[in-house]
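First comes the structure, then the notes that go with it.
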Amino acid sequence: MIYIITFLEGLISFISPCMLPMIPIYLTYFAGDANKENNSTITNAISFVIGFTIVFCILGIFAGTIGGLLKDYQNIVNIVCGIIVIIFGLNYLEFINIKIFKSRNKKTREITGVFSAFLFGVIFSINLTPCVGAFLGSALMMASVSGTILKGIALLFVYSLGLGIPIVISAILIKKLNSVFDFIKKNYSIINNICGIFLIIIGISMSFGLMNKLLYSFI
């Protein structure tokens, strides 16, 4: 169950207001030369996903390690992590304003091949962390609560799948997804409210130790 929640966090990161509008631009870079086959776009998109997945999994290692070191203080860790995630949710609902989570879109360099796309994925994971920071932060908090390195890696890997799979699907079906993208953009306010409530529920669950019970019941 907790992995499903983490996967959903990655998926919601994909449709966030500062991420989704950039997807067509990223796919254009992945395509490179207009004469290249669509297979090149898909391969570059997969390489891009692998790039940020590796970085996020490394973050999961650190989160799991810290959680393990603080295992004797699990209740305090649960409460602190839960409060942090609740703050993320309040930010989405615009009750508070955390500037670090505002978009910082920078000029993207041309993608010239698989390795270039991989490096772009690594850079993306760092550059757009403020954009997807709320849900990435929530995944990291859950990794910390897990208290082990392997669970930390697993949680961040699942989060990366939630973010990465839609990117690859978009690379395959980009011409057919314009109407879907437009619909999501027109309903950002509703989506943001749902995201905020979702984060607050997760934060409250973490504070009361419910995430720990889910983690150890379904693995």
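Contact detail for Y3 and K151: the closest heavy-atom pair is OH-CG, 4.4 Å. The two residues L155 and T6 come nearest to each other via the heavy atoms O-CG2, 3.1 Å.
Grouping the Ile, Leu, Val, Met, Phe, Trp and Tyr side chains by contacts below 4.5 angstrom, directly or via other members, places I200 with I197. Cluster membership check: I201 does not share its hydrophobic cluster with I194, using side-chain heavy-atom separations under 4.5 Å among Ile, Leu, Val, Met, Phe, Trp and Tyr. L173 and I46 fall within the same hydrophobic cluster, where Ile, Leu, Val, Met, Phe, Trp and Tyr residues are linked whenever their side-chain heavy atoms come under 4.5 Å apart, directly or through other members.
Other residues, nucleotides and ligands contribute more than 12 heavy atoms inside 6.0 Å of the CZ atom of F7.
Annotation: side chain to side chain contact (heavy atoms under 4.5 Å, CB included) contacts of I83 (sequence neighbours excluded): I79, I87. Taking the side chain to side chain contact (heavy atoms under 4.5 Å, CB included) definition, one finds that L150 meets it with nothing, sequence neighbours left out.
From I153, atom CD1 reaches atom OG1 of T53 across 13.0 Å, with rounding to the nearest 0.5 Å. Within the model, atoms CG of L163 and CZ of F56 stand 6.0 Å from one another, a figure rounded to the nearest 0.5 Å. Once rounded to the nearest 0.5 Å, the distance linking CG of L11 with OH of Y159 reads 10.5 Å. Residue I167 holds its CD1 atom at 12.5 Å from CD1 of I172, rounded to the nearest 0.5 Å. Atom CD1 of I149 sits about 13.0 Å away from atom SG of C57, to the nearest 0.5 Å. To the nearest 0.5 Å, the span separating CD1 on I42 from CD1 on I169 amounts to 11.0 Å.
Classification of the F115-F118 ring pair by plane angle, with boundaries at 30° and 60°, yields parallel.
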Can I86 and I204 be said to form a side chain to side chain contact (heavy atoms under 4.5 Å, CB included), step by step?
-> CA-CA 7 Å; I86 290 172; I204 293 172; 3.9 Å; yes
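Although no hydrogens or angles enter the test, the distance criterion places a donor-acceptor pair under 3.5 Å between the side chain of S160 and the main chain of L156.
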